[in-house]
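Here's the structure we're looking at; comments come further down.
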Amino acid sequence: MNDTKIQWHPGFVAAMDLELREYRDGLVFEKEYNLNTKPLEIDLLIIKKERDVRIRNEIGHFFAEYNVLEYKAPGDRLDADVYYKAVAYGCLYKAYGETVDGRKAEDITVTLVREARPRELLGYFRDAGTAVEHVHPGIWHLSGSRILFPTQIVAIRELEGENHAWLRMLTDRPWKQDVDRFLELWRRLEGKAEREYAESILE
């Protein structure tokens, strides 16, 4: 029996980098961003270098200036407590700005990413009166008085494969068409860093 523990988070960071590679020059990717001197870290923080840059990618289109991404590996739960933990990270990131209110709440978003649709979490929000809008295949936006930061939920398995080949490989049961698409795109990569990101996803 193979007891090797798969390290999903490096693959997630690499997939998001490749997902948004067209906009890399305008973004800062801070993986496992430490919020303070204690071990409390955001899975991925994406910062727009210029606030008015519009990202056409369906996930990145939602981004504001500061974007907290919480990723759950296949088999991990994505529930209300995970949501509140990600919101807490957003709150701490805001509070630790260099000046009072230096980072505005409206400039922070939260993105929750998981392989499968988190049905219970979506139900939790609907039951609480939160507006849940299915904006693209695999992507839901949350709004309402109970949502502190603009929030989106991403179900990787439901993303349209052609547009999100990098993320769709973050599964322990990849579909053949996803593997074929991934390998096709990998062969087209020219930069050393991009090829290393693709290798990280495969690892």
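- You'll find the side chain of Arg114 stays beyond 4.5 Å of the side chain of Asp76, heavy atoms only.
- Other residues, nucleotides and ligands place no more than 12 heavy atoms under 6.0 Å from the CD atom of Glu50.
- In this structure, Arg195 contributes its side chain and Trp186 its backbone to a donor-acceptor pair below 3.5 Å.
- Val13 and Ile46 fall within a single hydrophobic cluster, where Ile, Leu, Val, Met, Phe, Trp and Tyr are joined by side-chain heavy atoms under 4.5 Å apart, directly or via other members.
- If you take CE on Met16 and CG on Leu18, they are separated by 10.5 Å, rounding to the nearest 0.5 Å.
- The neighbour count for Arg77 CZ, taken as heavy atoms of other residues, nucleotides or ligands under 6.0 Å away, does not exceed 12.
- Contact detail for Phe62 and Val110: the closest heavy-atom pair is CE2-O, 4.1 Å.
- Hydrophobic clustering (ILVMFWY, side-chain heavy atoms < 4.5 Å, transitive): Leu170 and Phe29 are in one cluster.
- There is a path of hydrophobic side-chain contacts, each under 4.5 Å, that joins Tyr89 to Tyr83.
- In terms of heavy atoms, Lys94 sits closest to Lys104 at CE-C, 4.5 Å.
- Checked for salt-bridge contact, Glu65 and Lys48 miss the test: no charged N lies under 4.0 Å from a carboxylate O.
- Counting heavy atoms of neighbouring residues, nucleotides and ligands inside a 6.0 Å radius, atom CZ of Arg56 does not exceed 12 of them.
- A donor-acceptor contact shorter than 3.5 Å links the side chain of His9 to the backbone of Tyr71.
- Residues Glu70 and Leu78 are not in side-chain contact: their nearest non-hydrogen atoms beyond the backbone lie 4.5 Å or more apart.
- Heavy-atom neighbours of Glu120 CD from other residues, nucleotides or ligands within 6.0 Å: at or below the threshold of 12.
- Taking the side chain as every heavy atom from C-beta outward, Glu30 and Tyr66 never approach each other to under 4.5 Å.
- Two residues are said to be in side-chain contact when any heavy atoms from C-beta on lie closer than 4.5 Å; Leu112 and Leu121 meet this criterion.
- Below 30°, between 30° and 60°, or above 60°: for Tyr124 and Tyr84 the angle between ring planes is above 60°, a perpendicular geometry.
- A 4.5 Å side-chain heavy-atom check between Lys49 and Val28 finds at least one atom pair inside the cut-off.
- Legend: residues meeting ring pair (Phe, Tyr, Trp, His ring centres under 6.0 Å) with Tyr23, ordered by chain and number and at least two apart, are absent.
- With hydrogens and angles ignored, the 3.5 Å screen pairs no side-chain donor or acceptor of Arg126 with any backbone N or O of Val132.
- Between Leu45 and Val68 the shortest side-chain heavy-atom distance falls below 4.5 Å.
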Pair Leu20-Arg24, side-chain contact (heavy atoms from CB on, under 4.5 Å): steps then yes or no:
CA-CA 6 Å; Leu20 301 171; Arg24 188 180 294 128; over 6 Å; no

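- Looking at every heavy atom in both residues, Glu19 comes nearest to Ile59 through OE2-CD1, 3.9 Å.
- Residues Leu44 and Phe63 fall within the same hydrophobic cluster, defined by Ile, Leu, Val, Met, Phe, Trp and Tyr side chains chained together at heavy-atom separations under 4.5 Å.
- For the pair Asp107 and Arg103, the salt-bridge criterion is not met [side-chain N within less than 4.0 Å of a carboxylate O].
- Both the sub-6.0 Å distance and the 45° axial angle are not jointly satisfied by Arg181 relative to the ring of Trp175.
- No side-chain heavy atom of Gln152 sits less than 4.5 Å from a side-chain heavy atom of His61.
- The two atoms that bring Ala15 and Leu167 nearest to each other are CB-CD2, 3.6 Å, heavy atoms only.
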